[in-house]
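This one's a predicted model, so the numbers in the text were calculated from it and none came from an experiment. First the proteins, then the strands, lettered A, B, ... as listed; each starts at 1.
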2 protein chains.
Amino acid sequence: MSYSISAVAEATGLSTHTLRYYERAGLMLTPVERGSSTHREYSEADIAWVIFLTRLRSTSMPIARVREYVELVRAGAATTPDRLELLARHRITVQAQLEEMTQALEAIDYKIALYQKEVAK
Amino acid sequence: MSYSISAVAEATGLSTHTLRYYERAGLMLTPVERGSSTHREYSEADIAWVIFLTRLRSTSMPIARVREYVELVRAGAATTPDRLELLARHRITVQAQLEEMTQALEAIDYKIALYQKEVAK
DNA sequence: CTAGAACTTAGAGCGCGCTCGAAGTCAAGC
DNA sequence: GCTTGACTTCGAGCGCGCTCTAAGTTCTAG
């Protein structure tokens, strides 16, 4: 079973523009298949990868670093330790972001509480 | 007691460039005082505001929306309900970001675990 | 008093990550 | 077979948020 680019766009929340851009940018594990036509045919595995990709992006991994990671994957099993390290490093930044965001949420909630008290008067 | 721009930069982690940029962009509650010279003299309140500002920014509130908020604050107590709504709306996006990031962390941890198993072999 | 570091303004420049446009090709339904 | 809308490539354009530059002024230490 394969999926059109618009189906994948719908499924992932990315635009078709962005999907093509990611492919051009070398972020796919392999170029997407074309079947008999010139149209892209995404496999389930492609979609799973795009979704993981968006996880990396949503935690602000720069596209260049995603590409590094992709290149390691393409280079085969020997790069597992490098991939591990890349992800472990990224994990640290995600943790930091989570903490920053939690702090920010507290600050916002504090102000909200003040304003609610004020409005309730 | 007042603080030089470089002291504030140090305290907040922003660059002096960024601090001036924020002021120009209308993100300060009032323009920073100049005392007897042309140099900025930040008050404690200014610093507290800059820090809150960075909380909004670190949760991806666009500068234009921060400015809206600032303008409401400047407009006085009558705008409290509007400020409340603005922050409440923003809170929703912060929650969403937190959830997205938590999901991403899980995905990353899953891969890390796989790689660790692989490496341990 | 002087040297040098820190500050000033205003505008230009930049990096990132898309996003769009143009011009053309292809596929599905009538 | 034809129309209509989705697809193709590839380069240009854009919005955001800084970041830097230049040229000049001011503060501080010796």
message: Using 0.5 Å steps for rounding, measure from the CD1 atom of A/Ile112 to the CG atom of B/Leu86.
response: 9.5 Å

field: Whole angstrom value for the distance that separates C1' of D/dT19 from CD1 of B/Ile63
entry: 13 Å

query: Quick one: is A/Arg34 getting a side-chain N or O under 4.0 Å of the D/dT9 phosphate, OP1 or OP2?
result: yes

field: 4.5 Å side-chain heavy-atom contact, A/Thr80 and A/Arg83
entry: yes

message: With a 3.5 Å distance limit and no angle check, can you tell me whether A/Thr79 reaches the backbone of A/Asp82 through a side-chain donor-acceptor pair?
response: no

- request: Please tell me if the side chains of B/Tyr3 and B/Glu44 come closer than 4.5 Å, counting only heavy atoms from C-beta onward.
  value: yes

query: Can you find a side chain N or O atom of A/Arg24 that sits less than 4.0 Å from OP1 or OP2 on D/dC10?
result: no

query: Among the clusters formed by ILVMFWY side chains lying less than 4.5 Å apart, do B/Leu87 and B/Leu29 turn up in the same one?
result: yes

- prompt: In degrees rounded to 10°, what angle is found between the helical axes fit to the five outermost pairs at each end of the helix from C/dC1-D/dG30 to C/dC30-D/dG1?
  reply: 20°

query: Hey, does the side chain of B/Asp109 reach the backbone of B/Glu106 with a donor-acceptor pair shorter than 3.5 angstrom?
result: no

- request: Flag yes if more than 12 heavy atoms outside A/Glu71 fall under 6.0 Å of its CD atom; otherwise flag no.
  value: yes

- request: Please list residues of residues 49-62 of chain A whose heavy atoms come under 4.0 Å from any atom in DNA chain C, ordered by number; otherwise none.
  value: A/Arg57, A/Pro62

message: Output the rounded distance in Å from OH (B/Tyr21) to C1' (D/dT21).
response: 18 Å

A/Glu85: partners by salt bridge (Lys or Arg N to Asp or Glu O under 4.0 Å), with sequence neighbours left out: A/Arg89

query: To the nearest 0.5 Å, how far apart are CD in B/Glu10 and CD1 in B/Ile5?
result: 13.0 Å

- request: Whole angstrom is fine here: how far is it from CD in A/Glu33 over to C1' in D/dC7?
  value: 17 Å

field: Spatial distance of atom NE2 (B/His39) from atom CZ (B/Arg34) [nearest 0.5 Å]
entry: 9.5 Å

task: May I ask you to test the B/Val50-B/Tyr22 pair for a side-chain heavy-atom distance under 4.5 Å?
output: no

message: Among residues 11-20 of chain B, which ones have heavy-atom contacts with DNA chain C below 4.0 Å?
response: B/Arg20

- request: Please tell me which of B/Thr38 and A/Tyr22 maps to the more 5' nucleotide of DNA chain C, matching each residue to the nucleotide holding its nearest heavy atom.
  value: B/Thr38

- prompt: Under the side chain to side chain donor-acceptor pair (under 3.5 Å) rule, what pairs show up with a residue in residues 49-65 of chain B, not counting sequence neighbours?
  reply: A/Gln103-B/Arg55, B/Thr59-B/His90

- prompt: How about A/Ile108 and B/Leu56: do any of their side-chain heavy atoms sit closer than 4.5 Å?
  reply: yes

task: Check every nucleotide of DNA chain C for an atom under 4.0 Å from a heavy-atom of chain B, then give the first and the last such nucleotide from 5' to 3'.
output: C/dC7 to C/dG11

